[in-house]
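From a predicted model like this one, the values you see are computed outputs, not experimental measurements.
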Amino acid sequence: MDELDTPVLDNHLHLDPVNGRGVEAVEEFADHGGTHLNVLNKPSWNLVEAATDESIFRECFDLTVDVTEAADEVLPGRAWPVLGVHPALISQLVDDGYTPAEARDIMQAGLDVAAEYVADGPALAIKSGRPHYEVDDAVWEASNAVMRHAFDLAGEVGCVVQLHTEGGEDFTEIAEWAESEGLPREQVVKHYSNGRVRGPVKSVIANTEDIEDAVETGEPFLMETDYIDDPDRPGAVLGPKTVPRRVRWLLEEGHDEAVRRAHVETPARVYGIDTEATLDASSNN
């Protein structure tokens, strides 16, 4: 297909080098005009096993770093790993007999490892959050403590936290928690956002209606598929070609400024990455 003459970043995509398509999905993304990826590690139990100690987190993170480096080789731009602990791990651990406090400590230790990968260079950002489903008060309290620990770590190493949380639009309280832990709210990104989310920066799921809402607000936003690279659910949540297709649609509708906002200005403002310079550098190699 024709190039889109703009950087195209999918802000939240999973690659599964153990069970899924891996780099083949990246090639599909690039063939449709995609240039840059933020690659999220899948939950540890999808790759190795439910993480109970530092070594399992490291194994999971290393798999993601390696497949991201392979993705980097086939993209016209860049791919970056975003590493962290899926908030649903707390339910896995509690079901296995850990108390919520013990599960909290395990998950915070995993975030410590993720922050180390950011500080040492291979990772761009941290992932954390809280369950998107109903849990009891003890699990909810422990989950919020895990998320606040992520904010504290990100403030120390100077990186973004991508959040996996319940649905909704008003997350100003979470943004305030981040600021109280030393992390500017501009470095809190709400994964799987609709177009009207308030508080953190929106990472909008690439449905037409949600993107239209984000464009109308005039606010900073990112775009994502949350592709999960699961052979039993091909194309879930959205397929790798979706963000490039939505960018093409936005350009056809005359929303050039919104495309630049989502794929150049907001990545620079939030992550400190230059999608234009990395695209130019890659094309000149």
Side-chain angles (χ1 to χ4, degrees), residues 1-42 47 61-84 117-118 121-125 127 159-160 162 189 191 203-206 211 221-230 234-251 259-285:
M1 297 186 69
D2 295 336
E3 292 184 3
L4 293 168
D5 198 29
T6 177
V8 176
L9 168 69
D10 188 333
N11 181 61
H12 190 110
L13 170 143
H14 300 278
L15 296 175
D16 188 332
V18 178
N19 309 295
R21 298 172 66 199
V23 175
E24 181 185 333
V26 180
E27 292 170 343
E28 182 178 309
F29 172 73
D31 286 345
H32 284 77
T35 62
H36 294 76
L37 290 172
N38 284 337
V39 180
L40 282 287
N41 62 277
K42 292 188 75 172
L47 296 177
F61 294 164
D62 286 342
L63 285 167
T64 302
V65 169
D66 289 346
V67 76
T68 304
E69 289 176 351
D72 215 42
E73 295 297 317
V74 303
L75 286 172
R78 283 285 315 275
W80 294 273
V82 176
L83 305 178
Y117 278 64
V118 173
L124 177 68
K127 173 184 175 178
C159 76
V160 166
Q162 276 204 31
V189 173
H191 144 65
S203 183
V204 180
I205 193 71
I211 294 171
F221 74 103
L222 299 154
M223 293 171 60
E224 66 168 76
T225 56
D226 193 22
Y227 176 67
I228 63 174
D229 198 8
D230 182 345
V237 171
L238 296 173
K241 65 183 75 170
T242 309
V243 166
R245 282 179 166 175
R246 296 293 182 264
V247 168
R248 189 179 302 276
W249 166 74
L250 283 169
L251 293 172
V259 169
R260 181 168 183 82
R261 194 185 335 146
H263 298 277
V264 178
E265 295 171 0
T266 305
R269 174 177 176 174
V270 173
Y271 294 103
I273 58 177
D274 189 332
T275 55
E276 290 181 315
T278 49
L279 182 59
D280 291 343
S282 176
S283 63
N284 290 333
N285 286 341

Quiz prompt | Main-chain N/O of W80 paired with T68 side-chain donor or acceptor, under 3.5 Å | solution = no
Exercise. Please say which of T225, D226, N41 ends up in a side-chain hydrogen bond (donor to acceptor under 3.5 Å, both in side chains) with H14.
Key: D226
Exercise. Please report the closest heavy-atom contact between V160 and V270, naming both atoms and the distance.
Key: CG2-O, 3.2 Å
Practice problem: Step by step, work out the salt bridge (charged side-chain N to carboxylate O under 4.0 Å, His left out) result for R260 and E276. | Solution: CA-CA 10 Å; R260 181 168 183 82; E276 290 181 315; 2.8 Å; yes
Self-check item: Atom pair CD1/NE2 of I228 and H12 - distance to nearest 0.5 Å
Solution: 10.0 Å
Quiz item: Which pair of non-hydrogen atoms, one from P244 and one from G34, has the smallest distance, and what is that distance?
Solution: CG-N, 3.6 Å
Self-check item: Smallest separation among heavy atoms of V118 and A125, with atom names
Solution: CG2-O, 3.8 Å
Quiz item: Is there a side-chain contact between V26 and V39, using heavy atoms and a 4.5 Å cut-off?
Solution: no
Quiz item: Should D229 and P17 count as side-chain neighbours, where that means a heavy-atom distance under 4.5 Å?
Solution: no
Quiz item: Shortest non-hydrogen contact from L4 to L251?
Solution: O-CD1, 3.9 Å
Exercise. Measure the spacing between CG of L9 and CZ of R78 and express it to the nearest 0.5 Å.
Key: 12.0 Å
Practice problem: Check the pair T35 / T275 against side chain to side chain contact (heavy atoms under 4.5 Å, CB included), numbers first and verdict last. | Solution: CA-CA 9 Å; T35 62; T275 55; 5.9 Å; no
Quiz item: Between atom CG of D5 and atom CG of L279, what is the distance when rounded to the nearest 0.5 Å?
Solution: 9.0 Å
Practice problem: Report yes if the side chains of L222 and Y271 come closer than 4.5 Å at any heavy-atom pair, otherwise no. | Solution: yes
Practice problem: Would you kindly say whether D62 and Y117 are connected by a side-chain donor-acceptor distance under 3.5 Å? | Solution: yes
Quiz prompt | Distance in Å, H263 NE2 paired with T6 OG1, rounded so as to fall on 0.5 Å steps | solution = 7.0 Å
Practice problem: First locate atom CG of L75, then atom CZ of F29, and finally report the distance between them rounded to the nearest 0.5 Å. | Solution: 6.5 Å
Quiz item: At their closest point, which heavy atom of V23 faces which heavy atom of A70, and how far apart are they?
Solution: CG2-CB, 3.5 Å
Exercise. Return the minimal non-hydrogen interatomic distance between N38 and L40, and the atom names on each side.
Key: O-CD2, 3.6 Å
Quiz item: Is there a donor-acceptor pair under 3.5 Å between the side chain of R246 and the backbone N or O of A206?
Solution: yes
Quiz prompt | Check: A79 main-chain N/O paired with D72 side-chain donor or acceptor under 3.5 Å | solution = yes
Quiz item: Atom CE of M223 and atom CZ of R261: how far apart are they, to the nearest 0.5 Å?
Solution: 11.5 Å
Practice problem: Under the side chain to side chain donor-acceptor pair (under 3.5 Å) rule, what do N11 and H36 come out as? Steps first, then yes or no, please. | Solution: CA-CA 8 Å; N11 181 61; H36 294 76; over 6 Å; no
Quiz item: Going through the distances and angles, do T64 and L83 end up as a side chain to side chain contact (heavy atoms under 4.5 Å, CB included)?
Solution: CA-CA 8 Å; T64 302; L83 305 178; 3.8 Å; yes
Exercise. Please check if the side chain of K241 supplies one atom and the backbone of E28 the other of a donor-acceptor pair under 3.5 Å.
Key: no
